[in-house]
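Just below is one structure, and these are the notes that go with it.
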Amino acid sequence: MKTRASDQAFGALLISPAAAFVFCIAIYPILRVLWLSFFTQNLGTSLVPKFVGIDNYIRLANDGHFFATVRTTFFFTFVSVATELVGGLGFALLLNHEFRGRVVARAAMLVPWALPTAVLAWAWSWIFNDQFGVMNDLLRHLGILVRPIAWLGSGSTALFAVIFADVWKTAPFVMIILLAGLQNIPGELYEAAAIDGASVWKRFRFITLPLLLPSIMVALVFRAIQSFGIFDLIFVMTGGGSGGATETLAIYTYNTYLRYLDFGYGSAMIVASFALMLIFTALVYWPLARMRAQFANE
Amino acid sequence: MSGGVDGLVDGMRLAGAALLGIFLMANCSRPHSSGAGGVELSVLMDADVDGDWHAFIREFETLNPGVHINYVEGPSETNAREDLYVTSLLGGQAVYDLIYADVVWVPKFAAAGWLEDVTDRWPAEHWNEFIPGAVEGGTYKGRIYRVPQHIDVGMFFYRRDLLEAAHEAPPETFDDLVRVAQKLQHPDQLWGYVWQGKQYEGLICDFMEVLTGFSGFWINADTNEVGLDRPEAVRALQWMHDTIRQTRISPPGTTAYTEEESRLIFQSGRAIFLRNWPYVWNTSQQVGSPMIGKVGIKPMPAMANGHPSATLGGWGMSIAKNSRHKDEAWKFCEYVSALPQVMRVQAHRGNPPAIKAFYENNNDQAWRDIYRVMETAVVRPRIPQYAQASDILQRYVSATLTERMTPVDAMNAAAKETRLLLGQ
Amino acid sequence: MKRAAFYGLIWFVVLWCLAPFLWQIVTSLKSNAEISALPVTYIPHQPSLQHYEALFVRKPFARYLLNSFMVSATSTILCVGLSALAAYAVSRLRMRSSRAMLAALIVISLFPPIIFFFPLYEMMRAAGLLNNPLALIIPYTTFNLPFSIIVLATFFRTVPSDIEDAAKVDGLGRLQILWRIILPLSAPALATTAILVFIFAWNEFLFALTFMTNDRMKTVTAGIATLSGTTVHETPWGPIAAAVVVSTIPLILIVAIFQRRIVQGLTAGATKG
């Protein structure tokens with residue numbers, strides 16, 4: 001008779017390849033980055049690692065550009081995720097009906113998520129081109145613009161363009177998550193509410209929102225973490241320009257590693273960014289968790 | 001229906017697996033040297049618009065049978081190509097044998113041990129045939145790592161016709177420049193002085209000329225001393241800032257200009273003075289240009305007690321230390337840096353050759369003027385951490401020009417960060 | 001009236017989702033002169049395939065596509081294979097603390113790749129794997145393992161145990177049970193996982209950009225970035241548009257055919273979390 005111990009052993013065997021991959025490729029690098037952050041390894045040391053304790057962190061604390069990129073990253077993440085959420089929720093509510101062509105519509109809405117960000121970023125650069133771009137052209141036709149805007153050539157407009165492109169891609173993804181959550185809400189609840197004469201807003205506030213909150217929280221945490229490390233889109237669209245206005249932490253870190261060859265400093269930057277990312281995600285998660293508890297009491 | 005599709009997917013995947021396994025084994029990082037006993041060298045450059053380089057390659061291959069040069073076309077932005085080179089070289093494999101290098105890349109690449117020392121491949125007399133600044137641009141800690149092809153220096157272009165009509169001499173000092181510009185300009189139709197103020201490496205080139213003109217310095221490469229927070233540097237930055245905001249001899253859009261924008265303004269007759277590179281001489285005197293015969297060139301102005309200076313730029317060919325075919329690569333370096341080849345590139349793109357013989361006894365006065373400018377050449381600090389130092393300075397200069405910081409604050413912050421960078 | 005507004009909104013959203021891609025198709029068919037002409041034209045006057053030709057002639061773009069396909073397909077197979085094994089262990093063989101472990105792994109797999117990038121680069125370099133497809137295949141597989149394991153484990157749990165018990169009575173070994181019974185029954189979940197991994201691998205950029213420096217080994221995401229212009233200063237918008245279209249058409253097809261699976265896969269992971 002096969003024993004539980006034998007089962008466990010067999011299970012361990014089956015898991016081991018996957019576990020090995022995850023340990024080597026995911027766990028070890030995190031530890032290595034932490035380790036490397038206490039060393040200076042750059043061209044000044046002839047690319048030889050030299051132990052310096054917390055010097056890299058001190059340098060980071062004095063790095064004006066680091067703080068600028070932190071601000072940019074926070075701003076980008078906050079605006080982007082908030083917009084995606086609202087947009088995604090809107091799309092989901094829209095799509096939560098039966099209608100002809102729903103399958104086609106849903107397929108179309110998957111396209112932004114499925115296409116490579118780094119490739120579409122070229123498409124967006126072209127759309128936001130100051131002379132021949134569609135964005136300027138459409139705004140001109142709508143009578144909103146008189147003179148063309150150099151979207152990617154000026155700090156604040158470049159940030160707007162990048163956020164726009166990001167929301168385009170991620171709002172549909174949020175929609176998918178929320179739509180699944182919506183479809184899990186039993187229709188009888190709405191029917192009962194309709195019988196009771198509840199308004200659209202009341203139905204949303206007391207049925208949809210509380211029951212959708214778990215999905216919203218999941219989508220939010222996913223997106224906040226990913227948005228914090230945004231790289232592909234910005235690298236291709238602006239490279240961190242104009243004038244560093246769209247330079248996020250990931251881009252600055254990449255440049256520190258590969259352009260400056262400052263490996264120890266880059267690692268310290270990763271550790272600091274990671275800590276900030278956790279803080280940001282917690283800040284985003286907490287209010288929602290409280291809201292959820294509040295709803296549970298209602 | 002669903003089961004059928006899934007079964008198909010399953011079957012396809014298995015078949016694909018087998019095929020791919022074979023493919024993978026056959027294709028895994030096949031070294032790029034051709035197996036047929038020939039030598040293949042790779043180099044990464046921008047688009048060969050005029051076909052000169054492909055012609056060089058064909059000629060070289062004819063002269064050296066068995067050697068094939070793989071011209072990999074890369075993006076036109078210098079920084080992007082630098083990144084591509086750095087990731088390849090850092091990886092340790094000889095992806096590229098030849099490196100077409102900018103002057104500012106050499107300290108970094110040489111310090112990282114990626115470039116072959118070519119000092120002894122030619123006797124000193126041969127190296128002396130090149131303009132000293134061009135050779136220096138390929139040097140690090142006294143050793144030569146790059147054969148110069150052409151040399152660039154920042155130059156001052158002026159409208160000879162407008163100055164003569166107003167009985168003004170071309171300005172020698174910054175004050176003169178401002179005075180004449182303010183006197184003759186009609187802002188929007190005719191600006192006084194156009195230059196490159198966008199946040200990129202070109203901004204540093206412009207800034208260095210003004211800085212040296214004020215007798216300031218950025219980083220002393222030998223001692224790592226930083227001179228950014230000294231009064232001269234602050235005054236230099238203030239002067240640049242004022243051209244846009246106070247003396248108003250430069251258009252407000254200057255903070256977005258690179259070489260091309262400023263050149264087009266000058267070449268269409270909408271500016272009196274221009275700071276740019278020698279290629280503008282070629283483009284402005286081409287058939288069809290409205291500026292034929294109207295342009296004069298001279299070194300940049302300076303303070304009355306300062307030194308006119310021209311930021312040194314230029315490109316040349318280096319050999320990767322990891323290359324397995326260094327001798328063949330060297331032959332290619334020799335070939336493309338020879339005067340006939342360099343002159344062909346110059347005829348199309350206007351880049352000044354790095355060989356002295358081209359200028360001495362040149363019938364064209366313009367080239368002798370350009371040579372005079374080369375004598376005022378200054379190099380950007382030859383430190384390995386140049387890219388970082390440049391990015392730091394770019395941010396603070398740009399912040400001042402866009403009025404986000406005062407010159408004093410900007411220079412103090414820049415000096416502090418630069419010192420931390422250099423480990424002080 | 002309300003219906004018209006509703007459908008109008010749907011149309012708007014659909015157009016919004018497809019617009020950048022459609023605009024790239026239009027741009028790719030215009031001549032260079034028309035691309036840099038004002039006012040902007042929305043229908044090409046003389047559509048031509050010149051940019052597509054230029055794309056494949058001047059750069060080894062067909063090679064980039066092949067590399068992308070090879071890396072993506074291999075990652076998919078490897079990931080699905082490894083995660084099937086692990087998922088079976090997790091779902092059937094009653095391992096302790098598997099839920100917490102998997103939750104931790106999912107969170108790790110969400111971390112932005114910049115966190116792992118440099119140590120992985122060091123590793124690949126030390127192993128001599130730079131410019132080898134394995135340098136990409138291994139990380140792509142790894143980052144999709146947690147998610148795949150959860151999707152498959154969830155699905156495996158729904159397979160009734162009597163089928164397995166009957167097979168055991170018949171004398172089948174555990175691996176045989178997995179291969180001959182569980183996997184075929186799980187084909188939908190396997191397909192879902194495979195599609196999601198494939199899309200991830202095809203779209204990845206940071207590692208592709210840094211680990212593959214030899215031009216011939218690049219994937220499309222990195223290869224597009226190396227396109228250059230016909231003059232020194234301009235960006236080649238025509239060939240880039242052609243490149244965008246060519247690189248993304250496989251994915252559009254995948255979405256069109258497998259959209260139901262994709263949605264199932266994405267939501268399975270989300271609701272599990």
Find the distance between CD1 (C/I10) and CE (A/M109) and round it off to the nearest 0.5 Å.
5.5 Å
Among A/P116, A/A121, A/A26, which has the most heavy-atom pairs under 4.5 Å with chain C?
A/P116
Scanning both residues in full, the closest heavy-atom pair of A/V236 with C/F205 reads CG2-CZ, 3.9 Å
With side-chain contact (heavy atoms from CB on, under 4.5 Å) as the test, would you mind laying out the steps for A/I25 and C/F116 before giving the verdict?
CA-CA 8 Å; A/I25 307 294; C/F116 308 95; over 6 Å; no
Heavy atoms of A/A107 and C/Q259 approach each other most closely as N-OE1, 3.7 Å
Taking all atoms of both residues into account, what is the closest heavy-atom pair of C/L251 and A/A114, and its distance?
CD1-O, 3.6 Å
Residue from C/W23, C/F118, C/F143, C/Y42 scoring the most non-hydrogen pairs under 4.5 Å with chain A is C/F118
Tell me, please, which residues at least two apart from A/S227 pass side chain to side chain donor-acceptor pair (under 3.5 Å).
none
Option in A/A165, A/A250, A/P17, A/A171 with maximal non-hydrogen atom pairs under 4.5 Å from chain C:
A/A250
Region of A/I225 in contact with chain C, defined by heavy-atom distances below 4.5 Å
both
Quick check: does any side chain N or O of C/N203 sit under 3.5 Å from a backbone N or O of A/T117, one acting as donor and the other as acceptor?
no
Pairs involving residues 111-124 of chain C, ordered by first then second residue, that meet salt bridge (charged side-chain N to carboxylate O under 4.0 Å, His left out) (sequence neighbours left out):
A/R32-C/E122
When heavy-atom pairs shorter than 4.5 Å are enumerated against chain A, which of C/W202, C/W16, C/F117 gives the highest number?
C/W16
Separation between OG (C/S247) and CG (A/L120), nearest 0.5 Å, reads 10.0 Å
Could you go through A/F132 and C/I35, starting from their C-alpha distance and side-chain angles, then the distance that decides it, and tell me whether this counts as side-chain contact (heavy atoms from CB on, under 4.5 Å)?
CA-CA 8 Å; A/F132 311 109; C/I35 287 178; 5.8 Å; no
Contact class of A/V119 relative to chain C, heavy atoms under 4.5 angstrom:
both
Measure the spacing between CH2 of A/W122 and CD1 of C/I240 and express it to the nearest 0.5 Å.
4.5 Å
Examine distances only and state if a side-chain atom of A/Q226 and a backbone atom of C/L110 form a donor-acceptor pair shorter than 3.5 Å.
no
Heavy-atom pair count under 4.5 Å with chain C, highest-scoring of A/F235, A/W113, A/F231, A/W126
A/W126
Can you tell if the side chain of C/I262 reaches within under 4.5 Å of the side chain of A/I176, non-hydrogen atoms only?
no
If every non-hydrogen atom of A/V111 is compared with every non-hydrogen atom of C/C17, which pair is closest and at what distance?
CG1-O, 4.4 Å
Using non-hydrogen atoms and a 4.5 Å limit, figure out which bit of C/T141 sits close to chain A: side chain, backbone, both or neither.
side chain
Looking at A/G101, A/S16, A/G229, which makes the most heavy-atom pairs under 4.5 Å with chain C?
A/G229
Give, as side chain, backbone, both or neither, the part of A/I230 having an atom under 4.5 angstrom from any heavy atom of chain C.
neither
Provide the closest heavy-atom pair for A/R100 versus C/Y7 in the form atom of the first, atom of the second, distance.
N-OH, 3.4 Å
If you tally heavy-atom pairs under 4.5 Å against chain A, which of C/I254, C/I108, C/T142 wins?
C/T142
Rounded to the nearest 0.5 Å, what's the gap from CG on A/L14 to CG on C/L85? Could you check?
5.5 Å
For chain C, which residues of residues 262-274 of chain A have heavy atoms nearer than 4.5 angstrom:
A/F263, A/I270, A/F274
Let me know if A/N129 has heavy atoms under 4.5 Å from chain C in its side chain, its backbone, both or neither.
side chain
Shorter than 4.5 Å, heavy atoms on both sides: which option in A/V22, A/N136, A/V221, A/L94 has the most such pairs with chain C?
A/L94
Using a 4.5 angstrom heavy-atom cutoff, name the option from A/L95, A/V33, A/V103 with the most pairs to chain C.
A/V103
Rounded to the nearest 0.5 Å, what's the gap from CD1 on A/I27 to CG on C/L105? Could you check?
6.5 Å
Rounded to the nearest 0.5 Å, what's the gap from CD1 on C/I114 to OH on A/Y252? Could you check?
13.0 Å
A/D232 and C/L206: which non-hydrogen atoms are nearest, and at how many Å?
OD1-N, 4.4 Å
Non-hydrogen atoms of chain C under 4.5 Å away: do they reach the side chain of A/F99, the backbone, both or neither?
both
Less than 4.5 Å to any heavy atom of chain A: does that hold for the side chain of C/S83, its backbone, both, or neither?
neither
Determine the option with the most heavy-atom pairs under 4.5 angstrom with chain A, choosing from C/T221, C/L78, C/V220, C/V244.
C/V244
Within residues 254-261 of chain A, which positions have a heavy-atom distance to chain C below 4.5 Å?
A/Y254, A/Y257, A/L258
Which bit of A/M217 comes within less than 4.5 Å of chain C, counting heavy atoms only: side chain, backbone, both or neither?
neither
Considering only heavy atoms and a distance below 4.5 Å, find which of C/I149, C/T27, C/L15 pairs most often with chain A.
C/T27
